[in-house]
Amino acid sequence: MTHLLFQFRLHSRRGAAGDSVSVDVRNGEQEPWQALEPSLRTPGFRLYLLSLLLCQHHDLVANAAERHLPLASVEGILSVTASADWMIEAVDGTFQVRLEAADGGPAPELDGPGRAFLERRMKVCPVSRNLPGTVTKAIVVQAA
């Protein structure tokens, strides 16, 4: 059976210089990355997958703030496998988090319980929760 692979790469910066988010996309692992600039011409399925990525990122940022984790940046890769008839089968995301140093000191560490909390909360973002129960979801948060 033929499967389709969609990959999104997220770059997020936070802090005193301001917040920014950019997303690149590619179809399959051999295609080059291209900047994703959504428009009315963007295919609907790609927009749907983008909403999944941005929902994951939003929950990561919101839950890091809840835990008082000062995010400096987030780098993420979201891979989505779909069947030949465009049904999502698996979502696999890896997000690398860099924390901001306070007052010129060393950056705090992202500990195991903090990482587990973020992963657990990201798996239940509203877009992710609305995927069918048959979809395999793997979300990993790592320290950069």
Side-chain angles (χ1 to χ4, degrees), residues 1-101 106-144:
M1 178 179 220
T2 303
H3 289 90
L4 306 170
L5 178 65
F6 302 91
Q7 291 187 306
F8 295 83
R9 181 172 63 185
L10 176 130
H11 307 280
S12 172
R13 301 283 179 260
R14 314 198 59 73
D19 298 343
S20 68
V21 176
S22 66
V23 176
D24 301 320
V25 63
R26 70 179 177 183
N27 296 333
E29 294 183 49
Q30 305 306 317
E31 296 293 319
W33 290 103
Q34 298 176 353
L36 179 58
E37 297 177 16
S39 72
L40 293 175
R41 295 178 191 254
T42 305
F45 191 68
R46 185 171 284 178
L47 290 173
Y48 176 67
L49 297 180
L50 176 61
S51 72
L52 177 60
L53 172 65
L54 294 178
C55 187
Q56 295 294 315
H57 177 257
H58 177 269
D59 277 20
L60 172 61
V61 171
N63 289 300
E66 182 178 317
R67 282 284 170 110
H68 306 290
L69 297 171
L71 289 179
S73 68
V74 176
E75 304 288 332
I77 299 280
L78 186 74
S79 297
V80 178
T81 304
S83 65
D85 60 349
W86 300 85
M87 297 303 296
I88 296 174
E89 295 178 343
V91 174
D92 185 21
T94 301
F95 295 85
Q96 295 187 333
V97 173
R98 189 170 55 84
L99 299 178
E100 179 119 6
E109 293 290 323
L110 180 63
D111 62 9
R115 190 172 55 249
F117 172 80
L118 293 174
E119 289 174 355
R120 186 174 56 255
R121 296 288 288 271
M122 289 171 70
K123 288 178 184 171
V124 295
C125 84
V127 178
S128 187
R129 278 196 339 227
N130 278 288
L131 291 171
T134 56
V135 174
T136 304
K137 293 180 249 180
I139 301 297
V140 176
V141 176
Q142 304 170 337

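Note: hydrogens, waters and symmetry copies are ignored here, and every other heavy atom, side chains too, is used.
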- Is there side-chain contact between Val91 and Leu52, with heavy atoms separated by less than 4.5 Å? yes
- Task: Could you tell me whether Arg46 sits above the aromatic face of Phe6, with NZ or CZ closer than 6.0 angstrom to the six-membered ring centre and within 45 degrees of the axis?
- Result: no
- Rounded distance [0.5 Å steps], OG in Ser20 versus CZ in Arg13: 6.5 Å
- Note on the structure: Heavy-atom nearest pair, Leu131 first then Tyr48, reads CD2-OH, 3.2 Å
- Any side-chain heavy-atom pair from Leu10 and Leu53 closer than 4.5 angstrom? yes
- Message: Go through it in stages, so that I can follow the logic: the residues are Leu36 and Leu50, the test is side chain to side chain contact (heavy atoms under 4.5 Å, CB included), and I'd like the CA-CA distance, side-chain angles, deciding distance and then a yes or no.
- Response: CA-CA 9 Å; Leu36 179 58; Leu50 176 61; 3.9 Å; yes
- Note on the structure: Heavy-atom closest pair (Ala64 atom, Leu118 atom, distance to 0.1 Å) is N-CD2, 3.5 Å
- Query: Hey, does His57 have a side-chain heavy atom less than 4.5 Å from the side chain of Val74?
  - Reply: yes
- Message: Side chains of Thr81 and Glu89 only: does a donor on one sit below 3.5 Å from an acceptor on the other?
- Response: no
- Item | Reported CD1-to-OG1 distance for the pair Ile77 and Thr94, which is rounded to 0.5 angstrom | 8.0 Å
- Query: Below 4.5 Å, heavy atoms only, C-beta onward: do Trp33 and Val23 meet side chain to side chain?
  - Reply: no
- What's the spacing between Arg120 CZ and Arg115 CZ if we round to 0.5 Å? 12.5 Å
- State whether a side-chain donor-acceptor pair under 3.5 Å links His3 with Ser83. no
- Message: To the nearest 0.5 Å, what is the distance between CZ on Phe117 and CG on Asp111?
- Response: 12.0 Å
- Message: Counting C-beta onward and ignoring hydrogens, is there a side-chain heavy-atom pair between Asn130 and Val127 closer than 4.5 Å?
- Response: no
Kindly list each side-chain donor-acceptor pair under 3.5 angstrom involving residues 134-144, sequence neighbours excluded, with atom names and distances?
from   : atom 1 : to     : atom 2 : distance (Å)
Lys137 : NZ     : Ser128 : O      : 3.1
Gln142 : OE1    : Gln96  : NE2    : 3.2

- Task: For Leu99 and Ala72, work out which heavy atoms get closest and say how close.
- Result: C-CB, 3.9 Å
- Gln56 side-chain N/O to Met122 backbone N/O, donor-acceptor pair under 3.5 Å: yes
- Student check: side-chain heavy atoms of His11 and Glu75 closer than 4.5 Å: yes
- Message: Can you list everything that forms a side chain to side chain donor-acceptor pair (under 3.5 Å) with Asp92? Sequence neighbours excluded, please.
- Response: none
- Query: Is Arg121 paired with Glu66 through a side-chain N to carboxylate O contact shorter than 4.0 Å?
  - Reply: yes
- Message: Please find the pair of heavy atoms, one from Leu5 and one from Glu29, that lie closest to each other, and give the distance.
- Response: CD2-CG, 3.4 Å
- Shortest non-hydrogen pair, Val21 vs Ser12, comes out as CG2-OG, 4.0 Å
- pair Leu49-Phe8: side-chain heavy atoms closer than 4.5 Å: yes
- Item | Closest non-hydrogen atom pair, Asp59 against Pro126 | OD2-CD, 4.4 Å
- Item | Nearest-0.5 Å distance that lies between atom CZ in Arg129 and atom SG in Cys55 | 9.0 Å
- Item | Value rounded to 0.5 Å, distance of CG in Leu54 from CG in Leu60 | 12.0 Å
